[in-house]
Amino acid sequence: MTLTTAPRGTFDLMPQQALVWQWMESKIRDVLLSYGYGEIRTPIFEHTELFQRGIGETTDIVEKEMYTLTDKGGRSLTLRPEGTASVVRAYIQHKLYGQAPVTKLFYIGPMFRQERPQAGRFRQFHQFGVEMIGEESPVADAEVIILAHDLYCQLGLTALEIHLNTVGCPECRQEYKAALTSALEAEAEALCSTCRMRLVRNPLRLLDCKSPTCQEVISRVPSIHNYLCADCRDHFDQVTTLLKQVGVKYKLSPKLVRGLDYYTRTVFEVINNDLGAQNALCGGGRYDGLVAECGGPAVPGVGFASGIERLFTTLEQQGKIPELASGPQLYVLPLGEELTVVAFELATALRRQGFSVEMGNGTKSLKAQLKTAHKAGAVYTLILGEDEWRERQVTLKAMADGSQKRLPASGLLEEITELVSPRGPKVPLREE
RNA sequence: GUGGGCGUAGCUCAGCUGGUUAGAGCGCCAGGUUGUGGCCCUGGAGGCCGAGGGUUCGAAUCCCUCCGUUCACCCCA
C-alpha cells in the first residue's frame, strides 16, 4: 500500500495538470518580471537554525510543522516551510545590500510542512512569493500589495478580498501588548485553553482566535490602532492612501495578525471565500527586523507568499483555466507491419523538422488507429497503406472535417509545411 | 496531535433491515463497415467489495483493530 501511494499530503501532477501548472507559472513569471523582480532559486533545505531564528521559535511552523533531519555530518537540516527566510539568507550571504539600495526578488517552488492535510492544505505544497528588501517607504508596501492584486487580475480572477492591517513596530506593539494583556487578564476565565496560553506567550495571536466565546471577549478589547506610534500611524495611512489612489479596494481587518513572528507594521492577506476553511490565497507584510535577526545589516523588507494549489483551485472555480491542447499535429498511421518501418522513418523525419508527430501501431486496423489518433487530438493523420505506397504516395487526412487527399511522398514536407507550422526546433540533418 | 465522513471495476457510484454466480454509467478492447475517427448498435475483458480479526449455517452488508482518504479543529499558502 505505502509502496504504491504517494506520501500523505503529497500528490502527482499528471501531464494534463502539469500543462496547467506550466501555464500558471509562466503567467506568474511574466508579471513578476515586468514588476522588476528577479527570480532566485534557493536550496530546498536550509540549516534548521535559519528557520528557528527567522520564523520564530514560538510559531506553530517551528514548534511542530517542520521536516527536520540530521545529515551524516551531524548537521540539522530542515525542508523549507516557507520562502522568505531562505531569500533573506541568500541576500545576506551574497551581500546584495552592497550592490543596490533596493533588491527585488521572487521565488517559486515547493515548500514543506508536516500538518494534517485538508482542503487547500498539503505537506508538500507550492508557493511563489516576492521580497523587496531595502526599502522602508510605504510606497514599497503598496507596490507589493498592488502587485498581488494585479497578478490575480491578470489571471482573470474576481471576487477576491484584500484584508489589511498593521501590527506596529516593536515599540508601539509592546505597549499594545501590555494593554491587551491587562484588558484580557480580567476575563481570562472566559477564554479557551489555547488562548490562555497565548495570553502569556503571544497575546497578539489571540486576536484571530475563531472560538465564538473568545471572539466575544476580544470584541471588547482595545484596537491596536489606538496604540500606534506616530511613525507607524503615518506609515499605515500612507499605504492606505496609495491603495486608494490606484483604485485597489481593501478591507481593514484590525484583528489580522498573522502567524509568523517577523512581521512589523503592514500585514495583509488576499482571501477567496469560496476556498473552504483555508481561504488565504496569499499572505504577507513588512519585516523590518528580519534581515538583522538573521545576521545581516539592519535593512527593512516587505513581501508576500502565494499558494499555487489555492490559486489553481480558485482559477478552476472561476473557470479561468484555458483549454491547453496537447494533441500531435500529425499522426502517422501505418497499415501492416511492413509499412511500420517506412512510417517510422517518415515520423522521425517530420519530428526532425520540428513537427509534433505520433505514430500508430501498424498491426491494428485502420479504424482502431484512427480512433486512437482522434482521441490523441491529432490535427492531421498520414495514412500509409499498401495501395498508396505502391505508387510511393500517402494519404493526408484532416481530422476536423474528414477530408483527405493522396500526396506523393517526395513532396510531402512542402505540403505539410503549408498546412501547419512546426512547434519545435529543426534538428539539422546530418551531413553525408 | 484531536474529532467526524468515506474506502465496491481504470473513473463516478448503486447494492434496503446479512441470503446463491457483486451491478450500472462512463472509459477500455473487439465487431457491425475486406482500408476510414467522432454518432449509434452488439459483444467482451476487467473486482481477494482497503487490510486483518470476530459474530453467524452464511458477511460487500453487523462488531473490533489497523491502514488509506477526506472534511474540520489548531494553524497557515
Side-chain angles (χ1 to χ4, degrees), chain A residues 1-11 55 58-65 80-84 107-129 148 192-195 197-198 202 205 208-211 214 256-260 269-272 275-284 303-314 327 331 333-336 339 360-362 364-389 395-404 406:
Chain A
M1 189 64 93
T2 58
L3 194 62
T4 54
T5 314
R8 174 184 294 253
T10 70
F11 56 89
I55 300 170
T58 65
T59 59
D60 274 26
I61 290 178
V62 171
E63 278 185 344
K64 52 185 194 189
E65 295 171 4
R80 61 183 186 191
E82 59 104 53
T84 302
Y107 58 84
I108 180 165
M111 306 291 163
F112 306 85
R113 292 183 202 172
Q114 189 164 174
E115 301 177 87
R116 282 283 273 267
Q118 71 184 74
R121 175 193 287 162
F122 306 89
R123 289 184 168 187
Q124 175 176 341
F125 60 103
H126 299 77
Q127 288 185 330
F128 69 89
C192 69
S193 56
T194 50
C195 276
M197 292 267 294
R198 288 174 178 140
N202 197 345
R205 296 264 298 286
D208 62 358
C209 180
K210 284 173 193 157
S211 151
C214 290
L256 174 66
V257 292
R258 307 202 36 80
L260 284 65
E269 287 181 354
V270 179
I271 302 294
N272 169 8
L275 227 38
Q278 311 304 322
N279 62 2
L281 207 53
C282 123
F304 69 78
S306 173
I308 298 182
E309 285 80 3
R310 293 181 191 178
L311 175 61
F312 172 82
T313 306
T314 305
Y331 196 96
L333 196 157
L335 296 178
L339 288 170
N361 177 339
K364 294 198 170 189
S365 69
L366 173 60
K367 177 177 173 150
Q369 292 192 66
L370 274 173
K371 214 169 173 176
T372 308
H374 176 77
K375 267 192 313 189
V379 184
Y380 291 96
T381 51
L382 273 173
I383 301 169
L384 253 156
E386 287 181 18
D387 292 352
E388 46 267 76
W389 194 245
T395 299
L396 178 67
K397 180 186 182 77
M399 294 302 276
D401 60 4
S403 65
Q404 59 186 55
R406 279 197 184 195

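Just so it is clear: chains get the letters A, B, ... in the order the sequence lines come, proteins before strands, and each one is counted from 1.
Residue A:R121 has its side chain nearest to B:rA77 when only B:rG37, B:rA77, B:rC29 are considered. Closest to the A:A119 side chain, of the nucleotides B:rC71, B:rG35, B:rA77, is B:rC71. The side chain of A:L366 sits closest to B:rU36 out of B:rG68, B:rA72, B:rU36. Closest to the side chain of A:H374, out of B:rA72, B:rU36, B:rG38, is B:rG38. Checked against B:rC73, B:rG35, B:rG31, the side chain of A:S365 finds its nearest nucleotide in B:rG31.
Within the 4.0 Å cut-off from OP1 or OP2 of B:rA77, at least one side-chain nitrogen or oxygen of A:R258 is found. Considering only side-chain N and O atoms, A:Q118 lies under 4.0 angstrom from the phosphate OP1 or OP2 of B:rA72. Contact annotation: A:K367 side-chain N/O to B:rG38 OP1/OP2 distance is not under 4.0 Å.
Spacing between B:rG15 and B:rG32 at atom P, rounded to whole Å, works out to 39 Å. To the nearest whole angstrom, the two C1' atoms, one in B:rU70 and one in B:rG23, are 26 Å apart. Taking atom C1' in both B:rC26 and B:rU21, one finds a spacing of 25 Å when rounded to whole Å. Distance noted for atom P between B:rG1 and B:rG53: 27 Å (whole Å). The separation of B:rA30 from B:rG46, taken at their C1' atoms, amounts to 14 Å, rounded to a whole angstrom. B:rG7 and B:rC64: their P atoms are spaced 16 Å apart (whole Å). Taking atom P on both nucleotides, B:rC62 is separated from B:rA45 by 31 Å, rounded to a whole Å. Spacing between B:rA14 and B:rG47 at atom C1', rounded to whole Å, works out to 15 Å.
No engagement by A:G129 is indicated, since no non-hydrogen atom pair under 4.0 Å with the nucleic acid exists. Across all strands, A:I383 comes closer than 4.0 Å to base atoms (heavy-atom distances). Base contact: A:A400 has a heavy atom under 4.0 Å from a base atom. A:A280 comes within contact range of the sugar-phosphate backbone alone, with a heavy-atom separation under 4.0 Å but no base atom that close.
Donor-acceptor pairing under 3.5 Å, judged by distance alone, is absent between the side chain of A:R8 and the base of B:rU69. You'll find a donor-acceptor pair under 3.5 Å spanning the side chain of A:Q404 and the base of B:rU36, going by distance alone. Counting atom types as modelled, A:K371 pairs no side-chain N or O with a base atom of B:rU36 as donor and acceptor under 3.5 Å. A donor N or O paired with an acceptor N or O is found under 3.5 Å between the base of B:rG35 and the side-chain atoms of A:E388.
Applying the salt bridge (charged side-chain N to carboxylate O under 4.0 Å, His left out) test to A:E82 and every residue at least two apart in sequence or in another chain returns nothing.
One can place NZ of A:K397 at 15 Å from P of B:rG35, the figure rounded to the nearest angstrom. Atom-to-atom, CG of A:L335 to P of B:rG35 comes out at 8 Å; the value is rounded to the nearest Å. Rounded to whole angstrom, the span from the CG atom of A:N279 across to the C1' atom of B:rC71 amounts to 15 Å. At whole-Å resolution of the value, CZ in A:F128 and C1' in B:rA77 are 10 Å apart. Going from atom CG of A:L382 over to atom C1' of B:rG37 covers 15 Å, rounded to whole Å. Atom CG of A:N361 is separated from atom C1' of B:rC28 by 16 Å (rounded to the nearest Å). For A:F125 and B:rA77, the CZ to P distance is 7 Å, given to the nearest whole Å. The distance between atom CD of A:E386 and atom P of B:rU36, rounded to the nearest whole Å, is 15 Å.
Rounding to the nearest 0.5 Å places CD of A:E386 at 8.0 Å from CG of A:L335. Expressed to the nearest 0.5 Å, how far CG of A:L281 lies from CD1 of A:I271 amounts to 8.5 Å. Taken from CG in A:N272 to SG in A:C282, the straight-line distance is 12.0 Å, to the nearest 0.5 Å.
The backbone N or O of A:G9 sits nowhere less than 3.5 Å from a side-chain atom of A:R116 that would complete a donor-acceptor pair. Distance alone, capped at 3.5 Å, places no donor-acceptor pair between the A:Q114 side chain and the A:K64 backbone.
RNA chain B lies under 4.0 Å from at least one heavy atom of each of the following residues of residues 107-115 of chain A: A:R113, A:E115.
Base pairing analysis places B:rU61 opposite nothing; no Watson-Crick or G-U wobble pair with both distances below 3.5 Å involves it. Pair check for B:rU2 finds B:rA72; Watson-Crick or G-U wobble, both atom distances under 3.5 Å.
Counting heavy atoms from C-beta on, the side chains of A:P334 and A:Q369 come closer than 4.5 Å.
Residues A:K397 and A:I383 approach most closely at CD-CD1, 4.4 Å, considering heavy atoms. For the pair A:R123 and A:P117, the tightest heavy-atom approach, listed with the atom from each and the gap, is NE-CD, 4.2 Å.
There is no side-chain donor-acceptor pair under 3.5 Å between A:Q404 and A:T395.
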